[in-house]
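All values below were derived from every heavy atom in this structure, side-chain atoms included, with hydrogens, water molecules and symmetry-related copies excluded. Everything numeric here is computed off the predicted structure, so don't read it as measured data. Letters A, B, ... mirror the listed sequences (proteins, then strands); counts begin at 1.
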Amino acid sequence: MAKVIVVTSGKGGVGKTTSTAALGAALAQRNEKTVVVDFDVGLRNLDLVMGAERRVVYDIVNVIQGDAKLPQALIRDKRLETLFLLPASQTRDKDALTPEGVERVMADLKRHFDWIICDSPAGIERGATLAMRHADVAVIVTNPEVSSVRDSDRIIGLLDSKTARAEIGERIEKHLLLTRYDAQRAERGDMLKVDDVLEILSIPLLGIVPESSDVLRASNLGSPVTLADARSAPALAYLDAARRLAGETVPITIPNEKRGILGKIFGRRAA
Amino acid sequence: MTKVLTDTRSIRIKGRSFLALVLSPEQPIDDWLLRLDDLAKRSAGFFLERPVVLDVADLEIDRKQLRHLIDELANRNVRIMGIEGGRPSLFEPGMPPAMKGGRPASDVEMPSPDASGAPAGGGDSTAASAKAEVPTVRAVPSIVIREPVRSGQSVIFPEGDVTVVGSVASGAEIIAGGSVHIYGTLRGRALAGSVGNAAARIFCRKLEAELLAIDGVYKTADDMAPNLRGQAVQLWLEGDSIMAERLM
């Protein structure tokens, strides 16, 4: 049974695309057929992070408008044969996405894949609401700072009212992915602490990804961080988060915590 | 260029509900106007001094026809204070404002044909019967919200109290005709007694609010005593100032 995940945040630049690519690659490594879908029509980036920008022929807008068949637009990853990308169009804008078209594409993808991961554009307009529309699970990417937290809160409200599941009275599963976390700066008070964010958003925690230059390096290489260097701290955090998404119970660790030994396991339970 | 405000008294802004007559014209409009004339003949001044809202939801008319209808009504001394159920394209500058969110009230009694020949005293009694409402004891309504109120959401309940079991996020708002009770952290806005109720109060388990208002008197976060932040607090109105006290 296919599961549709939307990676969303409200605010831009918090790490949605990076997280989509990293989680997609991590799930595909479990030998489950995974597709990452770029909904950021007009400002596409997922193709770059996945290292597939030179192989894009058709995109999601072509599929929606009937100019191409879905298999023609899907790009298979060169490193993992279970990983696919459905790119967005760079020359169009969000109005090219129609609710009926998106519904058709999602239904089609559900027949072929185990995991469908939708990379939402920033904002709360058409692109973002269509990306979340058919999701079963939402991953809310949040940075430990107040504006990101408030935007995430806004998005959670929309997930509970504007999604297909919400409209038939069901709840969408929501998980918090805290990115760009720096334990020392949180300790100094320059950043919100994990508990502060959890207290404000009151949704279960999927993982904490540390601020790291490995993320930027992997993006520039055109590789999801979980594939570029699977032993780096952010990669480990994403791999654990993917296991939690798949239903495993993995204790949450706060990366780079200087108190006590490195990688100290806290009593916090995963979602 | 900054203006310095020397008068520190706050401006009161309140919501209030009034009973208005709602006229729902039927097509063809000319026939309906004839029937209206007939009604006006039987009881002169029925619409005089009364607020009238025009309900155009069931009408298929364009802007010109609506303009014509409003003018025809004005000729009959029916002054329209608002238009309900109209598409945005129907409106033009100078028309009464669009109204929405109206709640049905008891039907207004029409003047009966017998009253037409009655002396002035009889006319008064019809008006009185139209206004008379059977006084019934009703429980004060309230609503309970069992989940956090998220940023961008607003809970508006002019009928009575609002209780939230959870937090109210920054950028969210609770507007209650009665009191507001938050069993969680209040980070957003809470407006109690919004339709004019100076006895309304605000209670919260942890105060981090952006704005608080009771009966139109408001306070922003900057005006609040710093020692109340993060505390369990109740707020009420004394005269024109919001009082606060920590709850044990």
For A:Lys11 and A:Ser148: C-alpha separation, side-chain torsions, deciding distance, then whether side-chain hydrogen bond (donor to acceptor under 3.5 Å, both in side chains) applies. CA-CA 6 Å; A:Lys11 193 174 184 302; A:Ser148 172; over 6 Å; no
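For the side-chain contact (heavy atoms from CB on, under 4.5 Å) criterion with A:Pro234, the lone passing option out of A:Val225, A:Thr179, A:Thr18 is A:Val225.
With respect to chain B, the highest number of heavy-atom pairs below 4.5 Å among A:Asp153, A:Val146, A:Leu158, A:Val149 belongs to A:Asp153. With chain A as the partner, the residue from B:Gly184, B:Ser167, B:Ser170 showing the most heavy-atom pairs under 4.5 Å is B:Ser170.
Side chain of B:Asp161 to backbone of B:Ser142: no donor-acceptor contact under 3.5 angstrom is found.
Using a 4.5 Å cut-off between heavy atoms, A:Leu159 makes no contact with chain B at all.
When every heavy atom of B:Ala190 is checked against every heavy atom of B:Val180, the shortest pair comes out as CB-CG1, 4.2 Å.
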